[in-house]
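Order of the sequence lines fixes the chain letters, A, B, ..., with proteins taken first and strands second; residue numbering starts at 1 for each chain.
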There are 2 protein chains.
Amino acid sequence: MRKKNPSIPAAGEGKRGEEGYLGYLLRQAAGAYRLKVERALDEFAVTQAQFAALTMISAYPGISNADLARLAVLTPQTVSVIVGNLEKAGSLVRRPHAVHGRIQHLDLSESGRALLKKCRERVYKLEGELTAGLSAEEERAVRRWLVNVATADAPQP
Amino acid sequence: MRKKNPSIPAAGEGKRGEEGYLGYLLRQAAGAYRLKVERALDEFAVTQAQFAALTMISAYPGISNADLARLAVLTPQTVSVIVGNLEKAGSLVRRPHAVHGRIQHLDLSESGRALLKKCRERVYKLEGELTAGLSAEEERAVRRWLVNVATADAPQP
DNA sequence: CGCATAATATCAGAGCTCTTATATGTTATT
DNA sequence: AATAACATATAAGAGCTCTGATATTATGCG
(Lines give C-alpha, C1' and ligand atoms only; values in the text may rest on other atoms or scores of the structure.)
Protein backbone atom coordinates (compact mmCIF):
# COMPACT_ATOMS: atom_id res chain seq x y z
CA MET A 1 0.00 0.00 0.00
CA ARG A 2 2.23 2.80 1.19
CA LYS A 3 5.86 2.19 1.82
CA LYS A 4 6.55 3.47 5.30
CA ASN A 5 9.95 4.86 6.02
CA PRO A 6 11.31 2.13 8.28
CA SER A 7 13.46 4.54 10.28
CA ILE A 8 10.42 6.47 11.52
CA PRO A 9 8.40 4.50 14.06
CA ALA A 10 4.66 4.68 14.45
CA ALA A 11 3.06 6.51 17.35
CA GLY A 12 2.90 3.53 19.68
CA GLU A 13 6.33 2.18 18.88
CA GLY A 14 9.98 2.86 19.57
CA LYS A 15 10.71 6.08 21.37
CA ARG A 16 7.11 7.05 20.80
CA GLY A 17 6.00 3.98 22.74
CA GLU A 18 6.27 2.75 26.27
CA GLU A 19 9.95 3.56 26.52
CA GLY A 20 9.35 7.16 25.48
CA TYR A 21 9.25 10.24 27.65
CA LEU A 22 6.30 10.38 29.98
CA GLY A 23 5.78 14.00 28.98
CA TYR A 24 5.31 13.06 25.34
CA LEU A 25 3.09 10.15 26.20
CA LEU A 26 0.91 12.36 28.36
CA ARG A 27 0.68 14.97 25.63
CA GLN A 28 -0.22 12.42 22.98
CA ALA A 29 -2.75 10.58 25.11
CA ALA A 30 -4.54 13.79 26.05
CA GLY A 31 -4.57 14.95 22.44
CA ALA A 32 -5.92 11.64 21.19
CA TYR A 33 -8.63 11.50 23.81
CA ARG A 34 -9.62 15.11 23.25
CA LEU A 35 -10.04 14.38 19.56
CA LYS A 36 -12.05 11.26 20.31
CA VAL A 37 -14.40 13.20 22.56
CA GLU A 38 -14.85 16.00 20.06
CA ARG A 39 -15.62 13.58 17.27
CA ALA A 40 -18.17 11.85 19.46
CA LEU A 41 -19.77 15.25 20.14
CA ASP A 42 -19.33 16.56 16.62
CA GLU A 43 -23.04 16.20 15.89
CA PHE A 44 -23.77 18.62 18.72
CA ALA A 45 -20.86 20.94 17.90
CA VAL A 46 -19.61 20.69 21.48
CA THR A 47 -15.90 20.70 22.29
CA GLN A 48 -14.19 18.93 25.16
CA ALA A 49 -13.71 22.24 26.94
CA GLN A 50 -17.36 23.13 26.51
CA PHE A 51 -18.42 19.72 27.78
CA ALA A 52 -16.27 20.21 30.84
CA ALA A 53 -17.74 23.67 31.45
CA LEU A 54 -21.30 22.43 31.00
CA THR A 55 -20.67 19.59 33.43
CA MET A 56 -19.20 21.85 36.08
CA ILE A 57 -21.91 24.48 35.79
CA SER A 58 -24.43 21.68 36.07
CA ALA A 59 -22.74 20.44 39.24
CA TYR A 60 -22.33 23.93 40.74
CA PRO A 61 -25.18 26.11 39.45
CA GLY A 62 -24.63 29.83 39.82
CA ILE A 63 -20.85 29.47 39.85
CA SER A 64 -18.85 32.54 38.84
CA ASN A 65 -16.42 32.75 35.95
CA ALA A 66 -13.50 33.04 38.37
CA ASP A 67 -14.55 30.03 40.43
CA LEU A 68 -15.13 28.02 37.29
CA ALA A 69 -11.62 28.87 36.17
CA ARG A 70 -10.17 27.65 39.46
CA LEU A 71 -12.25 24.50 39.29
CA ALA A 72 -11.14 23.70 35.77
CA VAL A 73 -7.50 24.68 36.37
CA LEU A 74 -7.66 27.30 33.62
CA THR A 75 -7.20 31.05 33.50
CA PRO A 76 -10.26 33.28 33.85
CA GLN A 77 -9.61 34.59 30.34
CA THR A 78 -9.75 31.10 28.87
CA VAL A 79 -12.96 30.28 30.68
CA SER A 80 -14.42 33.56 29.53
CA VAL A 81 -13.93 32.51 25.92
CA ILE A 82 -15.51 29.11 26.47
CA VAL A 83 -18.42 30.57 28.39
CA GLY A 84 -18.87 33.21 25.70
CA ASN A 85 -19.20 30.55 23.03
CA LEU A 86 -21.66 28.57 25.13
CA GLU A 87 -23.67 31.72 25.70
CA LYS A 88 -23.72 32.47 21.98
CA ALA A 89 -25.05 28.96 21.45
CA GLY A 90 -27.77 29.59 24.01
CA SER A 91 -26.62 26.81 26.33
CA LEU A 92 -26.14 29.00 29.38
CA VAL A 93 -27.08 32.37 30.82
CA ARG A 94 -25.12 34.94 32.80
CA ARG A 95 -26.99 36.59 35.66
CA PRO A 96 -25.66 39.52 37.65
CA HIS A 97 -24.97 38.92 41.32
CA ALA A 98 -27.79 40.08 43.58
CA VAL A 99 -25.62 42.36 45.69
CA HIS A 100 -22.11 42.05 44.25
CA GLY A 101 -21.83 44.36 41.32
CA ARG A 102 -19.04 42.60 39.47
CA ILE A 103 -19.66 38.88 39.82
CA GLN A 104 -21.83 37.10 37.29
CA HIS A 105 -23.57 33.80 37.97
CA LEU A 106 -23.54 31.09 35.34
CA ASP A 107 -26.44 28.70 34.89
CA LEU A 108 -27.42 26.22 32.22
CA SER A 109 -30.40 27.09 30.05
CA GLU A 110 -33.06 24.50 29.33
CA SER A 111 -31.44 23.69 26.01
CA GLY A 112 -28.08 23.57 27.73
CA ARG A 113 -29.33 20.93 30.14
CA ALA A 114 -30.79 18.88 27.30
CA LEU A 115 -27.57 19.23 25.35
CA LEU A 116 -25.45 18.11 28.27
CA LYS A 117 -27.62 15.06 28.77
CA LYS A 118 -27.12 13.97 25.17
CA CYS A 119 -23.39 14.62 25.32
CA ARG A 120 -23.03 12.67 28.53
CA GLU A 121 -24.31 9.45 27.03
CA ARG A 122 -21.63 9.58 24.37
CA VAL A 123 -18.78 10.59 26.64
CA TYR A 124 -19.63 7.99 29.27
CA LYS A 125 -19.00 5.30 26.68
CA LEU A 126 -15.54 6.73 26.02
CA GLU A 127 -14.87 7.01 29.73
CA GLY A 128 -15.62 3.32 29.99
CA GLU A 129 -13.16 2.49 27.23
CA LEU A 130 -10.56 4.46 29.14
CA THR A 131 -10.63 2.04 32.04
CA ALA A 132 -11.00 -1.14 30.00
CA GLY A 133 -7.95 -3.35 30.33
CA LEU A 134 -6.88 -1.82 33.62
CA SER A 135 -6.90 -3.79 36.85
CA ALA A 136 -8.36 -2.05 39.87
CA GLU A 137 -4.87 -1.63 41.20
CA GLU A 138 -3.55 -0.18 37.97
CA GLU A 139 -6.47 2.20 37.69
CA ARG A 140 -5.75 3.46 41.18
CA ALA A 141 -2.12 4.06 40.27
CA VAL A 142 -3.09 5.92 37.10
CA ARG A 143 -5.59 8.09 38.94
CA ARG A 144 -3.16 8.93 41.66
CA TRP A 145 -0.49 9.82 39.13
CA LEU A 146 -2.80 12.04 37.10
CA VAL A 147 -3.94 13.94 40.18
CA ASN A 148 -0.35 14.37 41.30
CA VAL A 149 0.66 15.78 37.94
CA ALA A 150 -2.37 18.05 37.79
CA THR A 151 -1.78 19.49 41.26
CA ALA A 152 2.00 19.36 41.36
CA ASP A 153 2.55 23.06 41.91
CA ALA A 154 -0.76 24.02 43.43
CA PRO A 155 0.05 26.01 46.56
CA GLN A 156 -1.33 24.08 49.52
CA PRO A 157 -3.11 26.49 51.91
CA MET B 1 -7.21 35.81 53.28
CA ARG B 2 -9.79 34.77 50.74
CA LYS B 3 -12.93 33.02 51.82
CA LYS B 4 -13.28 29.97 49.61
CA ASN B 5 -16.75 28.82 48.76
CA PRO B 6 -16.85 25.53 50.66
CA SER B 7 -19.21 23.90 48.13
CA ILE B 8 -16.64 24.20 45.34
CA PRO B 9 -13.75 21.78 45.79
CA ALA B 10 -10.18 22.48 44.76
CA ALA B 11 -8.64 20.86 41.71
CA GLY B 12 -7.27 17.84 43.53
CA GLU B 13 -10.30 17.22 45.70
CA GLY B 14 -13.82 15.85 45.48
CA LYS B 15 -15.03 15.03 42.02
CA ARG B 16 -11.98 16.79 40.68
CA GLY B 17 -9.76 14.34 42.55
CA GLU B 18 -9.02 10.66 42.36
CA GLU B 19 -12.67 9.71 42.22
CA GLY B 20 -13.28 11.96 39.24
CA TYR B 21 -13.61 11.03 35.60
CA LEU B 22 -10.41 9.76 34.04
CA GLY B 23 -11.11 11.97 31.04
CA TYR B 24 -11.05 15.09 33.19
CA LEU B 25 -8.00 13.96 35.09
CA LEU B 26 -6.16 13.31 31.84
CA ARG B 27 -7.15 16.70 30.49
CA GLN B 28 -6.09 18.51 33.63
CA ALA B 29 -2.83 16.67 34.01
CA ALA B 30 -1.82 17.35 30.42
CA GLY B 31 -2.79 21.00 30.74
CA ALA B 32 -0.86 21.43 33.96
CA TYR B 33 2.23 19.75 32.60
CA ARG B 34 2.08 21.68 29.34
CA LEU B 35 1.99 24.90 31.32
CA LYS B 36 4.86 23.75 33.50
CA VAL B 37 6.99 23.00 30.46
CA GLU B 38 6.19 26.28 28.78
CA ARG B 39 7.05 28.24 31.90
CA ALA B 40 10.34 26.39 32.15
CA LEU B 41 11.05 27.30 28.52
CA ASP B 42 9.62 30.80 28.75
CA GLU B 43 13.08 32.33 28.66
CA PHE B 44 13.66 30.76 25.25
CA ALA B 45 10.13 31.45 24.00
CA VAL B 46 9.69 27.79 23.10
CA THR B 47 6.33 26.04 23.47
CA GLN B 48 5.73 22.41 24.32
CA ALA B 49 4.71 21.73 20.74
CA GLN B 50 7.86 23.39 19.42
CA PHE B 51 10.01 21.44 21.84
CA ALA B 52 8.41 18.23 20.64
CA ALA B 53 8.98 19.18 17.01
CA LEU B 54 12.60 20.16 17.62
CA THR B 55 13.22 16.88 19.41
CA MET B 56 11.73 14.80 16.65
CA ILE B 57 13.51 16.64 13.86
CA SER B 58 16.70 16.17 15.81
CA ALA B 59 16.03 12.44 16.07
CA TYR B 60 14.99 12.08 12.42
CA PRO B 61 16.85 14.71 10.40
CA GLY B 62 15.39 15.42 6.99
CA ILE B 63 11.92 14.25 8.00
CA SER B 64 9.01 15.60 5.98
CA ASN B 65 6.13 17.64 7.32
CA ALA B 66 3.75 14.75 6.70
CA ASP B 67 5.94 12.20 8.46
CA LEU B 68 6.44 14.57 11.36
CA ALA B 69 2.68 14.91 11.67
CA ARG B 70 2.25 11.15 11.80
CA LEU B 71 5.02 10.86 14.34
CA ALA B 72 3.52 13.48 16.59
CA VAL B 73 -0.07 12.27 16.11
CA LEU B 74 -1.11 15.65 14.75
CA THR B 75 -2.59 16.84 11.47
CA PRO B 76 -0.21 18.05 8.75
CA GLN B 77 -1.80 21.48 8.98
CA THR B 78 -1.05 21.73 12.67
CA VAL B 79 2.55 20.70 12.17
CA SER B 80 2.84 23.18 9.34
CA VAL B 81 1.97 25.99 11.74
CA ILE B 82 4.47 24.84 14.34
CA VAL B 83 7.20 24.35 11.75
CA GLY B 84 6.40 27.75 10.28
CA ASN B 85 6.93 29.43 13.63
CA LEU B 86 10.18 27.56 14.19
CA GLU B 87 11.33 28.59 10.74
CA LYS B 88 10.47 32.22 11.44
CA ALA B 89 12.57 31.95 14.58
CA GLY B 90 15.45 30.55 12.54
CA SER B 91 15.57 27.25 14.40
CA LEU B 92 15.07 25.04 11.35
CA VAL B 93 15.32 25.07 7.59
CA ARG B 94 13.17 23.56 4.86
CA ARG B 95 15.01 21.98 1.95
CA PRO B 96 13.33 20.75 -1.21
CA HIS B 97 13.50 17.03 -1.93
CA ALA B 98 16.21 16.07 -4.38
CA VAL B 99 13.90 14.28 -6.79
CA HIS B 100 10.43 14.53 -5.33
CA GLY B 101 8.97 17.88 -6.30
CA ARG B 102 6.54 18.26 -3.43
CA ILE B 103 8.23 16.96 -0.31
CA GLN B 104 10.30 19.27 1.84
CA HIS B 105 12.96 18.08 4.25
CA LEU B 106 13.18 19.59 7.70
CA ASP B 107 16.47 20.03 9.52
CA LEU B 108 17.58 21.93 12.58
CA SER B 109 19.75 24.99 12.07
CA GLU B 110 22.82 25.54 14.18
CA SER B 111 20.89 27.85 16.47
CA GLY B 112 18.08 25.33 16.58
CA ARG B 113 20.43 22.65 17.81
CA ALA B 114 21.80 24.96 20.47
CA LEU B 115 18.31 25.97 21.49
CA LEU B 116 17.17 22.38 21.80
CA LYS B 117 20.12 21.56 23.97
CA LYS B 118 19.29 24.32 26.41
CA CYS B 119 15.60 23.39 26.47
CA ARG B 120 16.40 19.74 27.09
CA GLU B 121 18.18 20.44 30.35
CA ARG B 122 15.14 22.14 31.73
CA VAL B 123 12.60 19.64 30.48
CA TYR B 124 14.59 16.65 31.70
CA LYS B 125 14.22 17.95 35.22
CA LEU B 126 10.46 18.08 34.82
CA GLU B 127 10.44 14.61 33.28
CA GLY B 128 12.18 13.39 36.39
CA GLU B 129 9.57 14.95 38.64
CA LEU B 130 6.94 13.16 36.59
CA THR B 131 8.19 9.76 37.70
CA ALA B 132 9.01 10.67 41.27
CA GLY B 133 6.80 8.83 43.71
CA LEU B 134 6.01 6.05 41.28
CA SER B 135 7.17 2.51 41.85
CA ALA B 136 8.62 0.71 38.86
CA GLU B 137 5.45 -1.30 38.62
CA GLU B 138 3.22 1.74 38.76
CA GLU B 139 5.28 3.54 36.17
CA ARG B 140 4.92 0.60 33.84
CA ALA B 141 1.15 0.64 34.31
CA VAL B 142 0.98 4.37 33.66
CA ARG B 143 3.10 4.09 30.52
CA ARG B 144 1.08 1.23 29.18
CA TRP B 145 -2.15 3.09 29.82
CA LEU B 146 -0.94 6.29 28.14
CA VAL B 147 0.19 4.41 25.04
CA ASN B 148 -3.11 2.55 24.90
CA VAL B 149 -5.07 5.79 25.08
CA ALA B 150 -2.87 7.48 22.51
CA THR B 151 -3.16 4.64 20.00
CA ALA B 152 -6.68 3.49 20.78
CA ASP B 153 -8.10 4.01 17.31
CA ALA B 154 -4.96 3.80 15.25
CA PRO B 155 -5.67 1.35 12.41
CA GLN B 156 -3.32 -1.60 12.76
CA PRO B 157 -1.82 -2.48 9.36
C1' DC C 1 -13.87 58.39 55.43
C1' DG C 2 -10.24 57.77 51.88
C1' DC C 3 -6.91 55.28 49.74
C1' DA C 4 -4.31 50.94 48.86
C1' DT C 5 -4.95 46.16 47.88
C1' DA C 6 -7.30 42.40 45.94
C1' DA C 7 -10.83 40.21 43.19
C1' DT C 8 -13.62 40.05 39.00
C1' DA C 9 -14.40 40.62 34.30
C1' DT C 10 -12.87 41.62 29.76
C1' DC C 11 -9.95 43.03 25.56
C1' DA C 12 -5.95 42.16 22.58
C1' DG C 13 -2.39 39.32 20.77
C1' DA C 14 0.03 35.03 20.09
C1' DG C 15 0.39 30.02 19.47
C1' DC C 16 -1.79 25.38 19.04
C1' DT C 17 -5.19 22.40 16.94
C1' DC C 18 -8.91 21.00 14.32
C1' DT C 19 -11.96 21.05 9.88
C1' DT C 20 -12.64 22.27 5.14
C1' DA C 21 -10.79 23.40 0.79
C1' DT C 22 -7.23 24.01 -2.92
C1' DA C 23 -3.08 23.28 -5.65
C1' DT C 24 0.47 20.36 -6.97
C1' DG C 25 3.07 16.26 -7.53
C1' DT C 26 3.32 10.82 -7.70
C1' DT C 27 1.63 6.21 -8.55
C1' DA C 28 -1.54 2.82 -10.31
C1' DT C 29 -5.08 1.36 -13.61
C1' DT C 30 -6.88 1.02 -17.85
C1' DA D 1 -0.40 7.54 -22.64
C1' DA D 2 -4.49 9.24 -20.17
C1' DT D 3 -6.91 9.23 -16.31
C1' DA D 4 -7.95 8.08 -11.54
C1' DA D 5 -6.40 7.60 -6.96
C1' DC D 6 -3.37 9.00 -3.51
C1' DA D 7 0.16 11.97 -1.09
C1' DT D 8 2.04 16.43 0.10
C1' DA D 9 1.83 21.12 1.20
C1' DT D 10 -0.67 25.16 2.39
C1' DA D 11 -4.40 28.63 3.26
C1' DA D 12 -8.68 30.05 5.79
C1' DG D 13 -11.63 29.88 9.65
C1' DA D 14 -12.95 28.45 14.28
C1' DG D 15 -12.12 27.26 19.09
C1' DC D 16 -8.87 26.70 23.06
C1' DT D 17 -5.22 28.54 25.92
C1' DC D 18 -1.79 31.43 27.53
C1' DT D 19 0.36 36.30 28.75
C1' DG D 20 -0.23 41.17 29.42
C1' DA D 21 -3.12 45.11 30.11
C1' DT D 22 -7.28 47.68 31.60
C1' DA D 23 -11.63 48.86 33.97
C1' DT D 24 -14.69 48.11 37.68
C1' DT D 25 -16.07 46.61 42.24
C1' DA D 26 -14.99 45.00 47.27
C1' DT D 27 -12.42 45.01 51.22
C1' DG D 28 -9.08 46.40 54.69
C1' DC D 29 -6.31 49.74 57.01
C1' DG D 30 -4.73 54.37 58.22
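B:Glu138 is linked by a side-chain contact (heavy atoms from CB on, under 4.5 Å) to A:Ala141, A:Arg144, B:Leu134, B:Ser135, counting only residues two or more places apart in sequence or in another chain. For A:Thr78, the side-chain contact (heavy atoms from CB on, under 4.5 Å) partners two or more places apart in sequence, or in a different chain, are A:Leu74, A:Thr75, A:Ile82. In this structure B:Arg102 satisfies the salt bridge (Lys or Arg N to Asp or Glu O under 4.0 Å) test with no other residue, sequence neighbours excluded. For A:Tyr124, the ring-ring contact (aromatic ring centres under 6.0 Å, His included) partners are B:Tyr21, not counting sequence neighbours.
Taking only side-chain atoms of A:Arg70, from C-beta outward, the nucleotide of D:dT10, C:dT8, D:dA9 with the closest atom is C:dT8.
When the P atom of C:dG25 is taken as reference, atom CD of B:Gln104 falls 12 Å away, rounded to whole Å. With rounding to whole Å, A:Asn65 atom CG is found 18 Å from D:dT24 atom P. As rounded to whole Å, 11 Å separates atom C1' of C:dA9 from atom CG of A:Leu106. Here the P atom of nucleotide D:dC6 and the CD1 atom of B:Ile103 are 18 Å apart, to the nearest Å. One interatomic measurement links the two molecules: NZ of B:Lys88 to C1' of C:dA14, which rounds to 9 Å at whole-angstrom precision. Whole-Å rounding puts the B:Glu87 CD to D:dA9 P distance at 13 Å.
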Each nucleotide in nucleotides 16-23 of chain D should get exactly one letter: B, S or -. Can you fill that in based on protein heavy atoms under 4.0 Å? SBBBBB-B

Got a list of side-chain donor-acceptor pairs under 3.5 Å for residues 41-49 of chain A, not counting sequence neighbours?
unit_1, atom_1, unit_2, atom_2, d
A:Glu43, OE1, A:Arg122, NH1, 3.2
A:Glu43, OE1, A:Arg122, NH2, 2.8
A:Thr47, OG1, A:Gln50, N, 3.1

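Taking 4.0 angstrom as the limit, A:Arg94 places a side-chain polar atom (N or O) nearer than this to OP1 or OP2 of C:dT10.
Here the closest non-hydrogen pair linking A:Arg120 and A:Ser58 is NH2-OG, 4.1 Å.
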